[in-house]
Number of protein chains: 2
Amino acid sequence: MMAVSDIEEWKLDHSKAVSPQLRNVLRTRIIRNDLRPMSRLSEPELAKEYGVSRQPVREAFITLVEEGLLEVRPQRGTYVKRIDYEAVLNARFVREAVEADIVCKLAAEGSAALVKDLRGQISHQRAVADDTPEHFMELDEHFHRTLARAAGVGRSWDFLAQIKSQMDRVRFLTFEEFHISKLIDQHEQVADAIEQKSASRVEDAMRTHLREILSSLPRVQKLYPDHFEDSRGAIPGKSAQNSRRRIS
Amino acid sequence: MMAVSDIEEWKLDHSKAVSPQLRNVLRTRIIRNDLRPMSRLSEPELAKEYGVSRQPVREAFITLVEEGLLEVRPQRGTYVKRIDYEAVLNARFVREAVEADIVCKLAAEGSAALVKDLRGQISHQRAVADDTPEHFMELDEHFHRTLARAAGVGRSWDFLAQIKSQMDRVRFLTFEEFHISKLIDQHEQVADAIEQKSASRVEDAMRTHLREILSSLPRVQKLYPDHFEDSRGAIPGKSAQNSRRRIS
DNA sequence: ACTTCCCCACTTCCATACAAGTCAACACAA
DNA sequence: TTGTGTTGACTTGTATGGAAGTGGGGAAGT
């Protein structure tokens with residue numbers, strides 16, 4: 001829908017409030033690795049670039065600091081944070097816990113209309129699997145959001161979206177590490193299990209699905225070591241992230 | 001530790017950055033119902049009250065809007081949001097899912113030192129049970145944070161803290177609705193189950209513990225209807241919040 | 001050559017001024 | 001009395017100017 005190169009040229013609508021727009025633009029640029037880790041974002045520079053004053057830029061920074069995408073060192077500069085291995089693992093852990101409960105609710109209450117909707121989305125996903133990865137990620141986002149809304153906890157997904165950015169940064173580093181067709185197959189297994197109203201199967205399917213990133217994360221870190229915080233993860237032996245339930 | 005009345009007189013340390021302090025003060029005042037729902041918070045007024053300019057106040061507002069505690073209507077005013085019934089239910093749902101997985105991990109990996117720490121905290125909780133409710137809530141916060149850290153997902157608790165404020169507002173409305181001694185007993189059941197390394201029992205204990213608010217929430221809403229959003233919740237029949245697992 | 005100190009460019013943070021929109025009260029006409 | 005138009009005191013959003021702090025480069029002294 002929107003290629004990476006276009007992001008750099010996004011213009012702001014001066015008839016609306018500028019700060020929120022700027023916040024979204026910068027967040028997208030960071031997640032898509034257009035703004036590299038450790039690079040400095042000076043307020044006046046970005047202000048000139050987008051034709052606004054420093055204040056909206058400042059206010060946009062605040063939220064991004066809260067999301068762990070930026071780090072401001074007072075009187076020194078504002079920098080794009082490197083990917084925090086621990087933060088990724090924690091975000092993934094939270095996401096697995098929440099979405100596991102979501103699909104369990106759906107196995108109990110899910111309607112046939114939902115299953116039909118999901119299957120339509122899945123076929124749509126297959127159609128764009130070989131398209132740009134950005135396109136699939138949008139559909140993936142929509143798929144998981146649909147599950148949350150169907151379970152009656154749509155606002156929970158809004159919360160998850162805040163921490164998901166940590167995981168998305170990893171994805172955008174190397175799409176090759178993520179086999180899209182495999183992810184779509186897992187989506188299908190989730191839909192199947194919901195249709196069969198099997199709570200245990202749908203839970204296993206979702207937990208397996210959300211653990212895919214665990215296998216690729218160490219390789220991504222090896223490939224782009226300077227994109228990651230120097231913390232542990234270099235010693236990812238048994239990273240205390242194996243969740244409670246043995247999968248199949 | 002800090003009585004409600006003291007909050008209004010919190011002064012800011014002008015040697016450090018002002019915005020974060022102001023943010024914490026305002027958040028606390030909102031959660032503790034010192035700043036009432038629907039009341040207007042004008043930037044220049046608060047600026048004068050705390051002896052700073054409008055800009056730090058504005059920046060403090062941004063985060064609180066993100067947390068769903070404030071609502072700013074452009075060119076009209078900034079208002080304390082009423083408690084959103086749906087948001088409380090969703091926050092509770094997320095918390096249950098995450099903390100259930102946390103204690104399951106602890107049942108598998110938990111150490112004896114952890115159990116000893118928890119029991120110490122519990123006896124401390126009993127000691128202050130008849131003290132001010134604020135004091136118990138601090139200990140309660142510490143207890144749950146300890147569990148997360150022991151499970152190796154300490155940052156996950158930082159994530160949860162963002163949405164927990166929605167639940168805390170309900171608690172601070174009526175402490176009488178929450179029987180502290182009962183909550184402490186449930187803490188003890190969690191500690192017991194961890195010691196016994198029983199995943200199923202500790203999960204049930206935690207889920208039961210975190211569902212306490214569900215029984216009191218409708219009563220609190222009845223008692224303070226104007227503190228709540230006018231949404232559903234007035235029709236809380238089967239509010240789609242009964243989670244996946246039947247308890248005991 | 002090496003250490004020490006100072007100055008200056010640069011940053012974020014705060015204060016202040018201006019712009020633009022909203023809403024209520026009020027004057028005024030029918 | 002009622003309906004209408006307008007003014008003006010509010011609000012938040014944006015722009016800009018200092019204040020305080022950081023760090024590097026260069027000059028001076030040993």
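Worth knowing before you read on, the calculation uses all heavy atoms, side chains too, and leaves out hydrogens, waters and symmetry mates.
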Legend entry - Test log, rule side-chain contact (heavy atoms from CB on, under 4.5 Å), inputs A:Q21 and A:Y50: CA-CA 11 Å; A:Q21 304 177 60; A:Y50 287 97; over 6 Å; no
Inset, instruction - Give a yes-or-no answer on whether the side chains of A:Q121 and A:T146 include a donor-acceptor pair shorter than 3.5 Å. - result: yes
Inset, instruction - Before accepting this row, confirm whether a basic side-chain N of the pair A:E71/A:K81 lies closer than 4.0 Å to the acidic partner's carboxylate O. - result: no
Legend entry - Sub-4.5 Å side-chain heavy-atom contact between A:R95 and A:W157: yes
Pairwise N/O distances under 3.5 Å, protein to nucleotides 16-19 of chain D:
from: D:dT16; atom 1: O4; to: A:Q55; atom 2: OE1; distance (Å): 3.0
from: D:dG17; atom 1: O6; to: A:R54; atom 2: NH2; distance (Å): 2.8

Inset, instruction - Ignoring hydrogens and angles, tell me if any N or O in the side chain of B:N90 forms a donor-acceptor pair with the backbone of B:E86 under 3.5 Å. - result: yes
Inset, instruction - Give me the first and last nucleotide of DNA chain C, going 5' to 3', that has any atom under 4.0 Å from a heavy atom of chain B. - result: C:dC14 to C:dC23
Inset, instruction - Write down the distance between CD (A:E59) and P (D:dA15), rounded to a whole number of angstrom. - result: 10 Å
Inset, instruction - Could you tell me whether A:E66 and B:R23 make a salt bridge, using a distance below 4.0 angstrom between a side-chain N and a carboxylate O? - result: yes
Inset, instruction - Name the nucleic acid region contacted by A:I62, choosing base, sugar-phosphate or nothing; use a 4.0 angstrom heavy-atom cut-off, strictly under. - result: nothing
Inset, instruction - Calculate the interatomic distance between B:E43 atom CD and D:dC10 atom C1'; express it in whole Å. - result: 13 Å
Inset, instruction - Decide if the gap between the ring center of B:H144 and the ring center of B:H209 is smaller than 6.0 angstrom. - result: yes
Legend entry - Nearest-Å distance for atom pair CZ/C1', residues A:R76 and D:dG23: 9 Å
Inset, instruction - Mind checking A:L22 for me? I need base, sugar-phosphate or nothing, with any heavy atom below 4.0 Å counting as a touch. - result: nothing
Inset, instruction - Could you say whether A:H14 or A:P74 is positioned toward the 5' end of DNA chain D, judged by the nucleotide with the nearest heavy atom to each? - result: A:H14
Legend entry - Note: B:D13-B:K16 ion pair, threshold 4.0 Å (strictly below): yes
Inset, instruction - Figure out the CG/P separation between B:L70 and D:dT12, and round it to whole Å. - result: 11 Å
